[in-house]
Amino acid sequence: MDFSAILTAVLVIGVLGLIIGLFLGTAALKLKVETDPKEEAVLAALPGNNCGGCGYAGCSNLAAAIAKGEAPVNGCPVGGEAVGKKVAEIMGVEAGTSTRMVAYVKCNGDCDKAETDYEYSGLEDCRMAVIAPGKGPKKCSYGCLGYGSCVKECPFDAISVVKGIAYVNKEKCKACGKCVAVCPNHLIELIPYEAEKVVACASHDKGPVVMKACKGGCIGCGLCNKTCEHDAVHVENFLAKIDYEKCTGCGACQEKCPKKCIFNH
């Protein structure tokens, strides 16, 4: 065995390794991108869910935008007011006030109330079911399909399907908006956490059509509008809508609704 040859090879490899290491170290120093200390501090304050509810690809993108003044300090819906205050302190500005929002599913057509036209046997995904005849098996083409696309999309385990329709646990909801984006019937909207009353329907069909499709749908009768003393309920395109800023939660509309599709939130 030629030990001198082995020693030479080891020395050559060692020298090459040293040269490459020095080269990479020098390149790293020269090519290093300086980051704004405020950006790093903001990123550390954000919850790190990377849900995209802020409108940016992730928390790092939002942090960069906040540091540049391109996004509001309270732009993280998951962190809410508490995180907004921390970020505002880092940026040296006022946090301002923000309204906590939560997702709400506008449907009352559960298995006991909604009529069906046929038995659906396809993939259990709302985005697939909606392309079936009639936009799904339910007679109401506006209602919740109940196959849980929103459940699968929610990163906070805030949605469940009960008796064929999705429900949001508002205590768990972080208003990231993923469920809003995935619902093919556009049934989910973000509403104030403090909202008192909600209309559990999204159908714009006329009353007789609604009654044939669902026992719990809004028929656009207008009794809620006539009953409300605060001008907080209006019927638009055969569907009742509540103005959450005007609603006092008195319950008059809920009591008067003949189809019982107005609920406590």
Side-chain angles (χ1 to χ4, degrees), residues 17-105 125-127 148-161 166-184 186-196 198 244-245 265:
L18 181 61
I19 293 171
I20 292 171
L22 288 171
F23 173 77
L24 291 175
T26 303
L29 288 172
K30 292 200 173 201
L31 299 174
K32 181 181 178 182
V33 177
E34 295 295 333
T35 56
D36 186 341
K38 284 187 177 180
E39 180 182 332
E40 293 181 350
V42 170
L43 180 59
L46 295 175
N49 294 90
N50 294 308
C51 63
C54 58
Y56 291 87
C59 292
S60 59
N61 295 82
L62 175 61
I66 291 174
K68 293 175 184 175
E70 298 172 356
V73 292
N74 58 359
C76 175
V78 176
E81 188 173 353
V83 169
K85 287 181 178 179
K86 287 182 182 178
V87 174
E89 187 176 343
I90 293 167
M91 296 300 297
V93 298
E94 291 292 328
T97 57
S98 59
T99 301
R100 180 182 173 184
M101 306 294 282
V102 291
Y104 175 68
V105 182
D125 187 291
C126 302
R127 292 163 293 187
S149 295
C150 52
V151 176
K152 299 166 192 170
E153 198 71 15
C154 179
F156 304 103
D157 191 32
I159 311 178
S160 56
V161 174
Y167 288 93
V168 176
N169 182 330
K170 72 176 190 176
E171 303 303 331
K172 290 184 176 182
C173 178
K174 303 297 182 183
C176 69
K178 285 196 170 186
C179 59
V180 177
V182 79
C183 178
H186 310 293
L187 268 177
I188 308 176
E189 68 176 1
L190 296 179
I191 67 173
Y193 174 87
E194 300 292 344
E196 296 278 355
V198 289
Y244 301 117
E245 292 186 358
H265 181 235

Enquirer: Tell me whether Lys85 is salt-bridged to Glu81, with the criterion being a basic N under 4.0 Å from an acidic carboxylate O.
Expert: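 Salt bridge between Lys85 and Glu81, a charged N being under 4.0 Å from a carboxylate O: yes.
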Enquirer: Between Ile188 and Ala103, which heavy-atom pair has the shortest distance, and what is it?
Expert: CG2-CB, 3.8 Å
Enquirer: Can you give me the closest heavy-atom contact between Ala45 and Ile90, atom names plus distance?
Expert: CB-CD1, 4.1 Å
Enquirer: Out of curiosity, Glu189 CD to Cys183 SG, how far, rounded to the nearest 0.5 Å?
Expert: 11.0 Å
Enquirer: Is Lys170 positioned over the aromatic face of Tyr104, cation under 6.0 angstrom from the ring centre and no more than 45 degrees off axis?
Expert: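 Not flagged: Lys170 not positioned over aromatic ring of Tyr104.
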Enquirer: Distance-only, no hydrogens or angles: does the Asn169 side chain make a donor-acceptor pair with backbone N or O of Ala158 under 3.5 Å?
Expert: no
Enquirer: Please report the closest heavy-atom contact between Ala166 and Ile159, naming both atoms and the distance.
Expert: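 Nearest pair, atom of Ala166 first, then Ile159: CB-CG2, 4.0 Å.
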Enquirer: Working to the nearest 0.5 Å, report the span between CD of Glu94 and CD of Glu89.
Expert: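 Reported to 0.5 Å precision, the distance equals 11.0 Å.
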Enquirer: Hey, what do you get for NZ (Lys172) to OG (Ser160), rounding to the nearest 0.5 Å?
Expert: 8.5 Å
Enquirer: Could you state the interatomic distance from CG (Asn61) to CD1 (Ile66), rounded to the nearest 0.5 Å?
Expert: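 It is 11.0 Å, given to the nearest 0.5 Å.
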Enquirer: Which heavy-atom pair separates Val182 from Cys150 by the least distance, and what is that distance?
Expert: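 That closest heavy-atom pairing would be CG1-CA, 3.7 Å.
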Enquirer: Taking the side chain as every heavy atom from C-beta outward, state whether Arg100 and Pro192 have any atom pair closer than 4.5 Å.
Expert: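 No, side chains not in contact.
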Enquirer: Measure the spacing between CG of Asp125 and NZ of Lys152 and express it to the nearest 0.5 Å.
Expert: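 Interatomic distance, Asp125 CG to Lys152 NZ, rounded to 0.5 Å: 4.5 Å.
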Enquirer: Checking Ser149 side chain against Cys126 main chain: does a donor-acceptor pair fall under 3.5 Å?
Expert: yes
Enquirer: Of all heavy-atom pairs between Cys51 and Val78, which one has the smallest distance, and what is that distance?
Expert: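 Where Cys51 meets Val78 most closely, the heavy atoms are SG-CG2, 3.6 Å.
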Enquirer: For Cys179 and Val168: C-alpha separation, side-chain torsions, deciding distance, then whether side chain to side chain contact (heavy atoms under 4.5 Å, CB included) applies.
Expert: CA-CA 10 Å; Cys179 59; Val168 176; 5.5 Å; no
Enquirer: Can you see which heavy atom on Cys76 is nearest to which on Leu46, and at what distance?
Expert: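 Smallest heavy-atom distance, with atoms named: CB-CD2, 4.0 Å.
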Enquirer: Atom SG in Cys176, atom CG in Asn49: separation rounded to 0.5 Å?
Expert: 8.5 Å
Enquirer: Surrounding CD of Glu171 (heavy atoms of other residues, nucleotides or ligands, distance under 6.0 Å), is the total greater than 12?
Expert: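 Counting neighbours around CD of Glu171, more than 12 heavy atoms of other residues, nucleotides or ligands fall under 6.0 Å, so yes.
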